[in-house]
Each structure stands twice: as structure tokens, then as C-alpha cells.
Colleague: 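Pasting a structure below so you can have a look.
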There are 2 protein chains.
Amino acid sequence: MKDKIRQYFDSLVVLPDKQWLEMEHCFELVSFKKGEILLDEHTTCNFIGFMNSGIVRFFEIKNANEKVTAFWFPGEFLSNYRSFISGRKSSHYIEALSDGSFWKLRKDDLFKLYDEFPLIDRLGRKMAEQLYLMVAQRLDNLLKETPEERYKILVDKNSRLLQEVPQYMIASYLGVSAETLSRIRKRIYTK
Amino acid sequence: MKDKIRQYFDSLVVLPDKQWLEMEHCFELVSFKKGEILLDEHTTCNFIGFMNSGIVRFFEIKNANEKVTAFWFPGEFLSNYRSFISGRKSSHYIEALSDGSFWKLRKDDLFKLYDEFPLIDRLGRKMAEQLYLMVAQRLDNLLKETPEERYKILVDKNSRLLQEVPQYMIASYLGVSAETLSRIRKRIYTK
DNA sequence: CAATATTCTTGACGATCGTCAAGAAATCAT
DNA sequence: ATGATTTCTTGACGATCGTCAAGAATATTG
């Protein structure tokens, strides 16, 4: 079951078996139910995780409505990485959109691994770099494209999202209201 | 002159003098003139840098108009980090908005340092984490706040930007047209 | 200082957006 | 299956936006 994680890690840095074993037994499989809050606002995020099954969203609340920053699927990284890095309290929630589970690695365990094995420090660098790539790309998309273009790009890249996540959450992810996304779809599909 | 860089690095990881010296002599001071392109589109970014003096912007062109992703001032990190990490060609330009200079560290030199000194690998991790924090915060701001709120926040946080950078570039940075920013300012200052 | 270039503002207009409200459609639970 | 809940669509309306164009203000250059 942890093979998927190792596969992901190996794509960043190939760890010797001994180091991998040290790391492996720090992971704990955490199951969750639909609707469960995996990280609450005003809580410091003291873990990183890797999705094993299910879907999860990362969002915050502004003026009583939700702003979705990300969705996470199996194989993907899971954390409030900003809170994790900075030690500050989370302004976001992590919420399960379905039943599922993820592999959890606690901050203190990871920091011990960093100190013990330089290669794992490098792994941490690569992870941070990958996470940077993703946010930077999302920022770029948001600055450069119109809502309609953003939706089209999403359709091309992540069809699973469209099938398994309510549209009003996708609208928020795209930075528009639910009604606007409904009209964007109408515009597109009646041309 | 390189003291500022060391100060920045020390805030992330304190390096032994020997390692710092190894690193230090990899830095090259690069001067630039206003209007100069420090990184061109379709070019892979093979360096990171640290602003020594002057102002620089990071932007891309979409449908013949400019989308500004970032401005950089003395002491700040300078690179197309996405291109640097991924090795892919830049879709952005780095352009000098004034005369100035920056400390340049080439990718191959940095990678040698990574391999030689684990602590510098850790430094690289911390840098990536800091850069992540900044993009993530910018993304959050863009998703959560209205253009008017974004402008107000910018006024509070970065008055120097307002004084030294043309408004139409700031407008682009905020994700609106130049005319819209002009009207936002009018709205604010006539209340 | 004068001429030129750049940047900023303003008006007009149509497109898109958010919000509120109501009803339709789809999903879920019993 | 059916009743309840959730999600999606649509209409109406006012606010904001982008664009085009013209003129005002500011900065730069000789």
C-alpha cells in the first residue's frame, strides 16, 4: 500500500532501502468519512500527507462564502503547507468530499528524518519545489486567463474533477460564483 | 556587499564559514540598465539571483498585453524559479525597471554545492519553502479579495511599489486593467 | 525651456460579473 | 419508490469590468 508513496518519492530522490524503511514506518494511514474536517481553521498544520483514496478539498471562508484553493485526489500531496512551513495557524480548512484515507507524516518525525538523513532533506527540497511549481502555475493561470478559458483548460486537464465534485465548488476554484459558471457552461455548449 | 546575501541565507540556515566561502565565490554581480531584459521568453532560466539594487519586474505577454506576476526589490529573490526548477523554457520576461544590479548564482554551480554540502541542500529546501509561501499567499489574495481590497492591501504593505512603478503595471499585478485601477483609486479617494 | 514621450484620467458602451430569489433537476436517505 | 435535501439553472438588476478613444497630467530629453 505504501508503494505508491515510495514511487512518488523515488521520482524525486531515490532513497536507499534503509532510509526508506526509516521513513516508511513514520507514515500512518488515516481514514476519513465524507464531510469530515481533516484540518480546521485556527489550527497549525503539523503534518503532510499523501492521498490514498477519496477526494478532499482545501478552502477558506470569506464573508460567509467558501473560496476553494485546491482539490486533492489519490497520489497527491495533502497539507496546509503554508501553515506547516511557517508554523502559523491555518486560515483554511481541509475537508473530505468522500470517504477515503491518506498517509500521514507528522512534522516532528519528518524533521528528525531531515536531521538524520541529508538525502531526505534533499527530498524535502524537491517536494517544496514541486509544490511551488503547482501553485505558481495556478497563479499564472488565474492572472492570465479569463474565467471561461480557465474552465475550458480545466475540462481538458481534469475530467475527473468535473464528474465527482459539485459545480459550485469548481466555480469557486475558478474564482467565480456558481451562477456565473452555470452561464459560462451555457455559453460554451450553445455555440 | 555580499553581506546582505549571507544575512538572508543565515536567516534560513546558518552555514559554517567554509561552506559560505565556497558558495560566496560562485556569486557574480550583474549590472543592468533600465529597460534591459534579464531573462527572455523561450529561454530556460539557468540561474537564481538576489537583488542588490534597482527594481525589476517579472511578466508575460498574453494577447499583446502584459501580465505582471511580480516586482522585485533589493534583498529579494530573482529568477524564473519555475523554469529554473523544471528546466522548461520561460514563458515570462524579467525586465529591469531601473538601473541596478543583482547577485547571480548559476544552476550548475548551485547543483555542485548541493552535492558537496548537505547543509546547502537544506538551504535550498528553505528557499523553496519561502518561495512557496510567497506565491501561495499571492494566490490566496487573488482568490479571496476583490480588486479594490487587493489595492488597499498593497497600499498598506508596499508603499515603495506605488511610488516607483507605473500604475498600469500595478494594475496588471492586481489583475485589472489600467483604467479600472484608475477608477478604483477615484472611488477610494473620493469617499 | 520647449518639444516629445509616457502615463494617467475620463467618458461612453457593451460584456461579464455577483447577488437575490425562485423554480427545475438531480441526488440521497429512508 | 418517495420524500427530503442538495445542486443547478434561470431571470432580473445593479455594480464592476474591459476596451476604445481622447484629452490631461506628468516625466523625459535635447
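Just so it is clear: chains get the letters A, B, ... in the order the sequence lines come, proteins before strands, and each one is counted from 1.
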Colleague: Could you list the donor-acceptor pairs under 3.5 angstrom formed by side chains in residues 100-107 of chain A, with sequence neighbours left out?
Modeller:
{"from": "A/Ser101", "atom 1": "OG", "to": "A/Asn52", "atom 2": "ND2", "distance (Å)": "2.9"}
{"from": "A/Ser101", "atom 1": "OG", "to": "A/Ser53", "atom 2": "OG", "distance (Å)": "3.3"}
{"from": "A/Lys107", "atom 1": "NZ", "to": "A/Phe84", "atom 2": "O", "distance (Å)": "2.6"}

Colleague: Nearest to the side chain of B/Pro147 - D/dT19, D/dC17, C/dT16?
Modeller: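 Looking only at side-chain atoms, B/Pro147 lies closest to D/dC17.
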
Colleague: Among D/dC17, C/dC17, D/dT10, find the nucleotide with the atom closest to the side chain of A/Arg183.
Modeller: D/dT10

Colleague: Rounded off to whole Å, could you give me the CD-to-C1' distance for the A/Glu145 and D/dG18 pair?
Modeller: 16 Å

Colleague: Please state whether the phosphate of D/dC8, meaning OP1 or OP2, lies under 4.0 angstrom from any side-chain nitrogen or oxygen of A/Ser182.
Modeller: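 Indeed not, no polar side-chain atom of A/Ser182 lies that close.
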
Colleague: Taking for each residue the nucleotide of DNA chain C with the nearest heavy atom, is it A/Ala178 or B/Leu181 whose nucleotide lies nearer the 5' end?
Modeller: B/Leu181

Colleague: What is the distance, rounded to the nearest whole Å, between atom NZ of A/Lys33 and atom C1' of C/dA29?
Modeller: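 Taking NZ of A/Lys33 and C1' of C/dA29, I get 16 Å after rounding.
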
Colleague: Would you tell me if any nitrogen or oxygen in the side chain of A/Lys186 comes within less than 4.0 Å of OP1 or OP2 on D/dT9?
Modeller: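 It does not, given that no N or O in the side chain of A/Lys186 lies less than 4.0 Å from OP1 or OP2 of D/dT9.
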
Colleague: Where along residues 160-177 of chain B does a heavy atom come under 4.0 Å from DNA chain C, residue by residue in number order?
Modeller: B/Pro166, B/Gln167, B/Tyr168

Colleague: Are A/Phe32 and A/Leu39 joined in one hydrophobic group, where the rule is that I, L, V, M, F, W and Y side chains link up if heavy atoms are under 4.5 Å apart?
Modeller: yes

Colleague: Is there a donor-acceptor pair under 3.5 Å between the side chain of A/Ser98 and the backbone N or O of A/Ile55?
Modeller: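 Confirmed, A/Ser98 side chain pairs with A/Ile55 backbone.
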
Colleague: Just the rounded figure in Å: distance from P of D/dT6 to NZ of A/Lys34.
Modeller: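 From A/Lys34 NZ to D/dT6 P: 10 Å.
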
Colleague: Centre-to-centre under 6.0 Å for B/Tyr93 and B/Phe59, is that the case here?
Modeller: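 Yes, ring centres under 6.0 Å apart.
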
Colleague: Taking CZ from B/Arg150 and C1' from D/dT16, how many angstroms apart are they, rounded to a whole number?
Modeller: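 Taking atom C1' of D/dT16 as the reference, CZ of B/Arg150 is at 12 Å.
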
Colleague: Measure the CZ-NE2 distance between A/Arg57 and A/His92 for me, rounded to the nearest 0.5 Å.
Modeller: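 Nearest 0.5 Å value for the CZ-NE2 distance: 12.5 Å.
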
Colleague: Rounded to the nearest Å, what distance is computed from the CG atom of residue B/Asn65 to the P atom of nucleotide D/dG18?
Modeller: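 So the two atoms are 10 Å apart, to the nearest Å.
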
Colleague: Distance check needed: C/dT7 P versus B/Leu97 CG, whole Å only.
Modeller: 10 Å

Colleague: Taking atom types as they are modelled, would you say the side chain of A/Glu179 forms a donor-acceptor pair with the base of C/dC17 within the 3.5 Å cutoff?
Modeller: no

Colleague: Are A/Arg122 and B/Asp115 ion-paired here, with the side-chain N under 4.0 Å from a carboxylate O?
Modeller: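 Here A/Arg122 pairs with B/Asp115 in a salt bridge, since their nearest N and O are under 4.0 Å apart.
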
Colleague: What is the distance, rounded to the nearest whole Å, between atom CD of B/Glu66 and atom P of D/dT19?
Modeller: 13 Å

Colleague: Go through C/dC17, D/dC17, C/dT9 for me and flag the one nearest to the B/Arg185 side chain.
Modeller: C/dT9

Colleague: Whole angstrom is fine here: how far is it from CD1 in B/Ile184 over to C1' in C/dC8?
Modeller: 14 Å

Colleague: Can you tell me if B/Tyr151 and B/Arg185 form a side-chain donor-acceptor pair at under 3.5 Å?
Modeller: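 There is such a pair between these side chains.
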
